[in-house]
Amino acid sequence: MVKRNYGVLHKNMPMIAGKLKWSQELRERILSQRNQFEHINHLSLQTKEANLVFQKCDQMLTLIDHHDEEIYTLWVESLDALCQENLNQPFLKWNKESGLYFVNFRPELSSVLREVKYLGLLKGFIISDVALNLYSKREILQMYIGSWKLIIELYNKLHTSILEVEFPLVKKELEKINELLRPATETLTWQAEDSWEYIQKIRDLIQDVNSRVRKIKCNVETIHTVVQYWNDELFFLHNKYESAKLCLDTEKKMIKYHKLIQDGGESIHQLVKDNLHLFRADPLADEWKVYTEYIDHIILVGFFIAIKSFLQYLIECTEMLPKSPPLFEVQLVLNCCELSFNPSLDLEMKNSFYDLIEELMNDIFKMASKVRRVAKHLGIDTYQQEVDKMSDLAGIRQEIMDGVKRAVDKAKKYKTSFDKYSYLWMNDKTEFMRQFLLYGRFLTSEELEVQADYGLPKCPPQLEQYREQALLAGVVDTEYSAIVVLDHAPHWMDLRINIYESLYVQVSVFEDVHTFGWFQVCIKPFKSSLLNTIKRWSWMFKEHLLNHVIDSVNQLVSFIAVTEEGISKKVEDGDYVRLVQIMTHLMAVRDRQSATDNAFESLKETADLLKTYGQQFPEYIYADLAVNTFWLKQ
């Protein structure tokens, strides 16, 4: 049981039926106990006290009967007026300020229907004709109530969600609905028995309009999704798997992206065409033109957000923390005799890095030219003109290009740090070797003019020239220079080769990339080319030594072969010519012996020197050198 401030109410039951149900159960409990006592034959039940109990019991039952009669009578007395008053109310109420409708079925009538339902389950109550009449209409009333609630829910939702730009396109239909609803707010009441066809007509009309408007709004949401997708897909240029983040060679990707924009534009046009049919609008009507301008605005905002997001991304990347990975990369390359960047950093050169960034900006902005204007009446083919006028985008773009110029200046300054190695790729190796062997240095342009006109005295290189060349190459410090002078390398070429071998080690530890915040220069190509160039310089001197040893041995072998052939011929008596020839060979051998004693050690040291650089002679060279030197000493 539930106790209320208005009395005792049976659980889960309406007010009147609940109270009567409670009193009925109480009566049944009292009568059940009394009946049981009446069947007991015992002296204790014939006493004065027992009679008093039974009197109290009768009094209680009388009170319960009075209680039920009072409650039921009061309810019935007001029932007729209540039903008539509420059933004579119109179906709907309309709020003039909000423009919304409400179902005008009073809670009191719902309460009566519940009371009648539960009173029918109780015994001993005669339900009034008014209540029974109302209850007999419960099914049709419930059908009316359900339909009106659906109608009002759809209408109110439509009324509150319709946009200002959409309202003129459905205005006539909404006015028609309001006109149909007017009798339901004024003359048609719950007493009407032939209203079902009228309710169905309104329900079908509002469902049709609501369904079409819902599809229209869904199509507009799809348009929003399409333009948002343009923004998301724009970041395909950002390659998250590479250290040099933004790929400048984006022609194929940009073509693909522009195709995506174009396809999205066609989808939007189809959605707008669908909305035209859903609105049942005239394409030449002013209301429709205003609506297409509304769609135009959505597309323009989409282009603005996509372009600004990408430009802002570039700005953020160019202002990133030092530990963040760079965004752009150029390569420092050595092409023939020129050290340059790829792409070029020369602002005046076509397809330079600056041009590529500018072209990237142009391609991003050109997305607006890939979609036909929805608002055809404006006489503008695409959205490009509108996007180009957006000052915010132009300002960010200029800020990016200014940052590119600053980065280019830093990279150019960094490039000059390698000028000290320019002689390696600028000088002609063959001519350098020729001049160095003749004059001990590489001649200046003035000296070359003098040499061409008057000639210069030959001055083969001494140890001091090699030390100077080493210091110029930047690979020999003062301590090392002193050691070279003191040790007196076994051959004058040794120091020159050491210059390039040491230079090779120095260059090999160069950094692979140099970073200027968001911009980095990859020097791997230049580093590789420079190392190869140094190796070629080193090989030129090694090759000179190799050829010197091989030529010397071959000359010695040839000399001995000629000499052996000459002195082996028999001299006849009186053959003075042959005798002179033999004497000439013997004198040549004598002269050769003094030179060969020194040459043998020099050639052997040269061969050992080349071996330290990984250059091996064929075994026959060593054998020929030893055997023929021994022959000369015999």
Side-chain angles (χ1 to χ4, degrees), residues 94-95 98-101 147-182 199-233 260-306 368 370-383 386:
W94 180 62
N95 187 307
S98 65
L100 302 180
Y101 289 90
S147 296
W148 280 122
K149 283 184 177 180
L150 175 61
I151 291 170
I152 297 312
E153 179 183 357
L154 294 177
Y155 179 88
N156 289 346
K157 184 177 180 181
L158 183 62
H159 182 82
T160 55
S161 64
I162 199 77
L163 299 178
E164 183 179 354
V165 72
E166 296 170 333
F167 179 76
L169 294 166
V170 294
K171 180 180 179 181
K172 291 182 179 179
E173 293 179 286
L174 291 178
E175 288 177 347
K176 182 179 180 181
I177 293 173
N178 283 321
E179 189 65 28
L180 288 172
L181 289 175
R182 184 174 300 163
I199 294 174
Q200 282 184 313
K201 182 179 179 180
I202 297 178
R203 185 191 62 190
D204 293 343
L205 179 58
I206 192 66
Q207 283 181 329
D208 174 62
V209 175
N210 185 76
S211 175
R212 288 187 287 112
V213 171
R214 187 171 65 251
K215 289 179 182 178
I216 288 168
K217 290 185 176 294
C218 183
N219 286 344
V220 174
E221 285 300 316
T222 303
I223 293 174
H224 279 287
T225 302
V226 169
V227 297
Q228 177 60 41
Y229 186 63
W230 295 344
N231 180 39
D232 298 339
E233 284 298 300
L260 181 145
I261 298 290
Q262 191 172 2
D263 292 344
E266 294 303 317
S267 298
I268 290 174
H269 274 272
Q270 183 58 51
L271 291 168
V272 173
K273 184 178 179 181
D274 292 344
N275 281 4
L276 174 63
H277 294 305
L278 290 169
F279 275 123
R280 298 172 182 173
D282 179 1
L284 300 179
D286 291 340
E287 296 85 357
W288 177 251
K289 291 178 181 179
V290 173
Y291 183 79
T292 57
E293 292 178 17
Y294 160 69
I295 301 297
D296 257 7
H297 179 71
I298 294 175
I299 298 172
L300 274 172
V301 170
F303 280 132
F304 176 81
I305 292 175
K370 304 303 176 181
V371 179
R372 295 179 290 113
R373 289 293 288 259
V374 172
K376 299 177 182 179
H377 62 280
L378 296 178
I380 305 174
D381 294 335
T382 68
Y383 298 90
E386 297 290 337

(message) To check you understand the geometry: which heavy-atom pair defines the closest contact between His159 and Ser98, and what is its length?
(response) NE2-O, 3.1 Å
(request) Specify the closest pair of heavy atoms between Ala306 and Asn231, including all atoms of both residues, with the distance to one decimal. (result) CA-OD1, 3.4 Å
(message) Side chains of Arg373 and Glu386, heavy atoms from C-beta outward: is any pair under 4.5 Å?
(response) yes
(request) Would you check if Phe279 and Val170 make a side-chain contact, meaning some heavy-atom pair closer than 4.5 Å? (result) yes
(request) Find out whether Leu378 and Glu293 are in side-chain contact, i.e. whether some heavy atom of one side chain is under 4.5 Å from a heavy atom of the other. (result) yes
(message) If you count every heavy atom of other residues, nucleotides or ligands that lies below 6.0 Å from His297 atom NE2, does the total exceed 12?
(response) no
(message) As an exercise, state the distance from CD1 of Ile216 to NE2 of His277, rounded to the nearest 0.5 Å.
(response) 12.0 Å
(request) Check whether any side-chain heavy atom of Asp286 sits under 4.5 Å from a side-chain heavy atom of Lys289, and report yes or no. (result) yes
(request) Report, as yes or no, whether the 6.0 Å neighbourhood of atom OH on Tyr294 holds more than 12 heavy atoms from other residues, nucleotides or ligands. (result) yes
(request) Would you give the length of the straight line joining atom CG of Leu100 to atom OG1 of Thr160, rounded to the nearest 0.5 angstrom? (result) 7.0 Å
(request) Describe, in one word, how the ring planes of Trp94 and Tyr101 are oriented to each other, choosing from parallel (under 30°), tilted (30 to 60°) and perpendicular (over 60°). (result) tilted
(message) Could you check whether any side-chain heavy atom of Val209 comes within less than 4.5 Å of a side-chain heavy atom of Leu154, counting everything from C-beta outward?
(response) no
(request) Look at atom CD of Glu175 and say whether more than 12 heavy atoms of other residues, nucleotides or ligands are closer to it than 6.0 Å. (result) yes
(message) Is a donor from one side chain sitting under 3.5 angstrom from an acceptor on the other, for Gln200 and Asp204?
(response) no
(message) Please determine whether side chain to side chain contact (heavy atoms under 4.5 Å, CB included) holds for the pair Tyr383 and Val374, giving the CA-CA distance in whole Å, both sets of side-chain angles, and the decisive distance to 0.1 Å.
(response) CA-CA 10 Å; Tyr383 298 90; Val374 172; 3.5 Å; yes
(request) Name all pairs fulfilling the salt bridge (charged side-chain N to carboxylate O under 4.0 Å, His left out) condition that reach into residues 211-229, sequence neighbours left out, sorted by first residue then second. (result) Glu166-Lys217, Glu173-Arg212, Asp208-Arg212
(message) With rounding to the nearest 0.5 angstrom, report the CG to OG1 distance, Asp232 to Thr225.
(response) 10.0 Å
(request) Ignoring hydrogens and angles, state whether a donor on the side chain of Asn275 or Asn219 is under 3.5 Å from an acceptor on the partner side chain. (result) yes
(request) Please round to the nearest 0.5 Å and tell me the distance separating atom CD1 of Ile299 and atom CD1 of Ile261. (result) 11.0 Å
(request) Tell me, with the steps shown, if Trp288 and Asp282 meet side chain to side chain contact (heavy atoms under 4.5 Å, CB included). (result) CA-CA 7 Å; Trp288 177 251; Asp282 179 1; over 6 Å; no
(request) State, yes or no, whether a side-chain contact exists between Thr292 and Asp296 at a heavy-atom distance under 4.5 Å. (result) no
(message) Looking at every non-hydrogen atom in both residues, tell me the closest pair between Thr382 and Ile380 and how far apart they are.
(response) O-CG2, 3.2 Å
(message) Assess whether a salt bridge exists between Lys176 and Glu179, defined as any Lys/Arg side-chain N lying under 4.0 Å from an Asp/Glu carboxylate O.
(response) no
(message) I'd like to check Ile223 versus Val272 (side-chain heavy atoms, cut-off strictly below 4.5 Å). Are they in contact?
(response) yes
(request) Mind checking the CH2-CD1 spacing from Trp148 to Ile199? Nearest 0.5 Å is all I need. (result) 5.0 Å
(request) Compare every heavy atom of Tyr155 with every heavy atom of Leu174, then report the nearest pair and how far apart it is. (result) CD2-CE1, 4.5 Å
(message) If I take atom CG from residue Leu205 and atom CD1 from residue Ile177, how far apart are they, to the nearest 0.5 angstrom?
(response) 4.0 Å
(message) Within the structure provided, determine whether Glu266 and Arg372 are in side-chain contact (heavy-atom separation under 4.5 Å).
(response) yes
